[in-house]
Amino acid sequence: MKAILGVLSAALTFTIAVPAQAQFAKPEDAVKYRKASFTVMSAHFGRLGAMANGRVPYDAKAAAENAEVVNTLAKLPWSAFGEGTDKGDTRAKPEIWKESAKFKEASDKMVAEVAKLNTAAKAGNIDALKAAFGPAAASCKACHDNFRKD
Ligand code: ASC
């Protein structure tokens, strides 16, 4: 029993230690993963936008919950833009790989703006949410304009 546990724990340590990219068995899996994370992120970001833009009544608890989800998801897609994931069912532009420093900068910017949005949403007032939503949305759009096909 002890031996089995030892092997399992060694296997788990290895799984955690390998680079994120190696966690996808096939490039298609990485493409699916990043699209899924953007899709779910967009749903929760949209709920924040609806409140920030007054389309639905402000609900501090819902805002905090949605911002927390967006903040977690914002960190996920980037490891799924590895080698060989420029093809298939994707609107990713070649610039992602050709101008990778620029892409990294744009994605870091989005992660940073979303972290600010999360802090703002937790503050529990609509003005803080409104102030942080615009820059966060702009950081999404900047990446779409430069790195995503229409
Ligand atoms: C959204 C969503 C995006 C961003 C972007 C902001 O709600 O799904 O990708 O906002 O459109 O410009």
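Quick caveat: nothing in here was measured; it's all calculated off a predicted structure. Numbering of ligands and ligand atoms starts at 1, following listing order. FYI, the numbering just counts along the sequence from 1.
H144 CE1, 4.1 Å is the protein heavy atom nearest to atom 3 (C) of ligand 1. The protein atom (non-hydrogen) at minimum distance from atom 2 (C) of ligand 1 is S42 OG, 3.7 Å. Taking atom 6 (C) of ligand 1 as the reference point, the nearest protein heavy-atom neighbour is A137 O, 3.3 Å. Closest to atom 4 (C) of ligand 1 among all protein heavy atoms lies C140 CB, 3.8 Å. Scanning the protein heavy atoms around atom 7 (O) of ligand 1, the nearest turns out to be F45 CD2, 3.5 Å.
A salt bridge does not link E105 to K102: none of the charged nitrogens lies less than 4.0 Å from a carboxylate oxygen. Between E65 and K61 there is a salt bridge, with a side-chain nitrogen of the basic residue lying less than 4.0 Å from a carboxylate oxygen of the acidic one.
Residue contact check: K141 has heavy atoms under 4.0 Å from atoms 12 (O) of ligand 1.
Distances from atom 11 (O) of ligand 1 to the protein include no heavy-atom value under 4.0 Å.
Proximity of M41 to ligand 1 is not established, as no heavy-atom distance is less than 4.0 Å.
Side-chain contact between M41 and L76 is absent, with no heavy-atom pair separated by less than 4.5 Å.
Relative orientation of the F38 and W78 rings is perpendicular, given thresholds of 30° and 60° on the angle between their planes.
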Could you go through E28 and K32, starting from their C-alpha distance and side-chain angles, then the distance that decides it, and tell me whether this counts as salt bridge (Lys or Arg N to Asp or Glu O under 4.0 Å)? CA-CA 6 Å; E28 307 90 277; K32 258 194 233 166; over 6 Å; no
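Applying the side chain to side chain contact (heavy atoms under 4.5 Å, CB included) test between N71 and each of T119, V114, L117 identifies V114 as the sole match.
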